[in-house]
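Quick note: numbers below take in every heavy atom, side chains included, and nothing from hydrogens, waters or symmetry partners. Chain letters run A, B, ... following the sequence lines, proteins first and then strands; every chain starts at 1.
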Protein chains: 2
Amino acid sequence: MARLSDIIEEFLKELIIEEEGTVEIQRNELASKFNCVPSQINYVISTRFTAEKGYYVESRRGGGGYICIKRVNPDSAGDYLMHIINSLGDKISQLTSEVFINNFVDYNIIETREAMIMKAATSDKALSFVPMDKRDDVRAAILKNMLMSLTVL
Amino acid sequence: MARLSDIIEEFLKELIIEEEGTVEIQRNELASKFNCVPSQINYVISTRFTAEKGYYVESRRGGGGYICIKRVNPDSAGDYLMHIINSLGDKISQLTSEVFINNFVDYNIIETREAMIMKAATSDKALSFVPMDKRDDVRAAILKNMLMSLTVL
DNA sequence: CTTTTTGACTATCTCTGACTATTATTATAA
DNA sequence: TTATAATAATAGTCAGAGATAGTCAAAAAG
């Protein structure tokens, strides 16, 4: 029993993909397409296309009014990660690495579990077979690689 | 006379087998199917489909609400992971590592994003600073460490 | 005594509609 | 012609109704 809101959400997201990141609609038109009251469109937008979820919405009332939804997060999260990756040096200590990873959680770039995995992968324990003098290089390479893998999703 | 809770438990487990590991129900619907109060469904879930027993449950209230039960693994995820960790040798190739990681996703042990992170951490690219003859040892250590970090969550 | 069953009360999410706010267009007055 | 007022065309807000699921403690069963 799919909810109408979910159906409308899906419809809009597909449009956004088709239109490559932005879509412009008219509230009443969309509402009548889905046989619902216009305010349902507002409901869908305010619960599904929030800034937190990576969307930016603007609108205008009056004759020729519209609602425009833009997807911002995929790029900006990717950009942010690229920025961090570029700022990382060729060597990094376990402690510094953990600080970075904790920051990613704070900034909602990664989940707690993902952070645990990353910390585990970059811990001295995991790298015990790597000679001390190479360890910080390897750690930096691993961390960068893990972060890079997230920029494409 | 079998207890109702047992009957509902059995019904759900069969459904889970049919649906290959996951089932989605509506509380009221299921309750009326078995002629019981809706909260009995909660009772069954909270006593029979616990995390300890290898199930993961999520739900949503409101119109079109649902309860979704996923079987993580016959054993608990932690046990399963420990088993895998112990079965891993001291060396592992990139290819073998990826096969393992893909299996974890299939068995609902980890998420797709987590898999990507793990693959990135154990790729030859990430380990390019590690001499070839040590690489598979380091990779095995990293993989084990990442998996270990998940056994405690 | 422990487990199961029940139901009253609560929490959360969705849908609806009346009322409000804003903008564009058209009509009217100066 | 220009300024202003009325009208039309949109979108926004919010509270209430509807639809689910969750909690908890008492009653019932074993």
Side-chain angles (χ1 to χ4, degrees), chain A residues 1-16 19 21-72 108, chain B residues 1-16 19 21-72 108:
Chain A
M1 208 178 306
R3 292 171 221 88
L4 219 209
S5 290
D6 291 343
I7 295 170
I8 297 174
E9 174 189 9
E10 206 46 47
F11 174 80
L12 288 173
K13 285 189 171 165
E14 271 174 30
L15 263 191
I16 289 173
E19 312 282 325
T22 172
V23 65
E24 188 174 312
I25 54 161
Q26 294 212 275
R27 193 180 74 147
N28 292 346
E29 191 185 290
L30 189 60
S32 69
K33 182 188 197 89
F34 286 103
N35 256 312
C36 64
V37 294
S39 58
Q40 174 124 28
I41 306 303
N42 296 89
Y43 176 72
V44 172
I45 287 171
S46 64
T47 55
R48 269 85 164 168
F49 294 91
T50 62
E52 216 178 45
K53 291 180 179 166
Y55 294 91
Y56 172 66
V57 179
E58 53 184 30
S59 65
R60 225 168 122 179
R61 311 185 188 190
Y66 62 85
I67 299 176
C68 179
I69 306 175
K70 290 177 182 161
R71 184 186 56 206
V72 293
N108 287 315
Chain B
M1 166 142 95
R3 279 169 252 114
L4 219 208
S5 290
D6 292 340
I7 295 170
I8 296 175
E9 174 189 9
E10 207 45 48
F11 174 80
L12 287 174
K13 285 189 171 165
E14 271 174 31
L15 261 191
I16 288 172
E19 312 281 326
T22 171
V23 66
E24 187 175 312
I25 54 161
Q26 294 210 275
R27 194 180 73 148
N28 293 346
E29 192 185 287
L30 189 61
S32 69
K33 183 188 197 90
F34 286 102
N35 257 311
C36 64
V37 294
S39 58
Q40 174 125 28
I41 306 302
N42 295 89
Y43 177 72
V44 172
I45 286 172
S46 63
T47 56
R48 270 87 164 168
F49 294 90
T50 62
E52 235 175 32
K53 291 179 179 166
Y55 294 91
Y56 172 67
V57 179
E58 53 184 28
S59 65
R60 231 170 116 176
R61 311 185 188 190
Y66 62 83
I67 298 176
C68 180
I69 306 176
K70 290 179 182 160
R71 183 186 54 210
V72 175
N108 287 317

A.B. asks: Nearest whole Å is fine: how far is dT6(C) C1' from Asn35(B) CG?
C.D. replies: 13 Å
A.B. asks: Could you check how far CD1 of Ile67(B) sits from P of dT23(D), rounded to whole Å?
C.D. replies: 10 Å
A.B. asks: Choose from dC15(C), dT12(C), dA11(D) the nucleotide whose nearest atom is closest to any side-chain atom of Gln40(A).
C.D. replies: dC15(C)
A.B. asks: Does Val37(A) or Pro38(B) map to a spot on DNA chain C nearer the 5' end, using the closest nucleotide for each?
C.D. replies: Pro38(B)
A.B. asks: Of the nucleotides dT6(C), dG12(D), dT14(C), which has the atom closest to the Arg3(A) side chain?
C.D. replies: dT14(C)
A.B. asks: So, does Ser59(A) get its side chain near the phosphate of dG12(D), meaning an N or O under 4.0 Å from OP1 or OP2?
C.D. replies: yes
A.B. asks: Expressed in angstrom and rounded to an integer, what is the separation of Ile41(B) atom CD1 from dT20(D) atom C1'?
C.D. replies: 14 Å
A.B. asks: Quick check on dT14(C): is either OP1 or OP2 less than 4.0 Å from any side-chain nitrogen or oxygen of Tyr43(A)?
C.D. replies: yes
A.B. asks: In Å, rounded to the nearest 0.5 Å, how long is the span from CD1 of Ile41(A) to CD of Glu29(A)?
C.D. replies: 10.5 Å
A.B. asks: Is a salt bridge present between Glu9(A) and Lys13(A), judged by a nitrogen-to-oxygen distance below 4.0 Å?
C.D. replies: yes
A.B. asks: Out of dC14(D), dA21(D), dG7(C), which nucleotide sits closest to the side chain of Ser39(A)?
C.D. replies: dC14(D)
A.B. asks: So if I take every side-chain heavy atom of Asn28(B) and compare against dT5(C), dA21(D), dT10(D), which nucleotide ends up nearest?
C.D. replies: dA21(D)
A.B. asks: Atom CZ of Arg27(B) to atom C1' of dT5(C): distance rounded to whole Å?
C.D. replies: 14 Å
A.B. asks: Please check: side-chain N/O of Lys53(A) versus main-chain N/O of Thr47(A), any donor-acceptor pairing under 3.5 Å?
C.D. replies: yes
A.B. asks: Measuring from Gln40(A):CD to Ile45(A):CD1, what's the distance to the nearest 0.5 Å?
C.D. replies: 11.0 Å
A.B. asks: Are Arg48(B) and dT4(C) close enough that a side-chain N or O sits under 4.0 Å from OP1 or OP2?
C.D. replies: yes
A.B. asks: Mind checking if Gly65(B) touches a base, just sugar-phosphate, or nothing, with heavy atoms under 4.0 Å?
C.D. replies: sugar-phosphate
A.B. asks: From Glu19(A) CD over to Arg71(A) CZ, what is the distance, rounded to the nearest 0.5 angstrom?
C.D. replies: 11.5 Å
A.B. asks: Starting at CD1 of Ile7(B) and ending at C1' of dT5(C), how long is that distance when rounded to a whole Å?
C.D. replies: 13 Å
A.B. asks: Closest nucleotide of DNA chain C for Thr47(B) versus for Gly62(B): which of these residues is on the 5' side?
C.D. replies: Thr47(B)
A.B. asks: Of all the nucleotides listed (dT6(C), dA11(D), dT5(C)), which has the minimum atom distance to the side chain of Cys36(B)?
C.D. replies: dT6(C)
A.B. asks: Rounded to the nearest angstrom, tell me the gap between atom CD in Glu24(A) and atom P in dT10(D).
C.D. replies: 13 Å
A.B. asks: How many Å lie between CZ on Arg61(A) and C1' on dT25(C), as a whole number?
C.D. replies: 18 Å
A.B. asks: In whole Å, I'd like the distance from the CD1 atom of Ile25(B) to the C1' atom of dT20(D).
C.D. replies: 12 Å
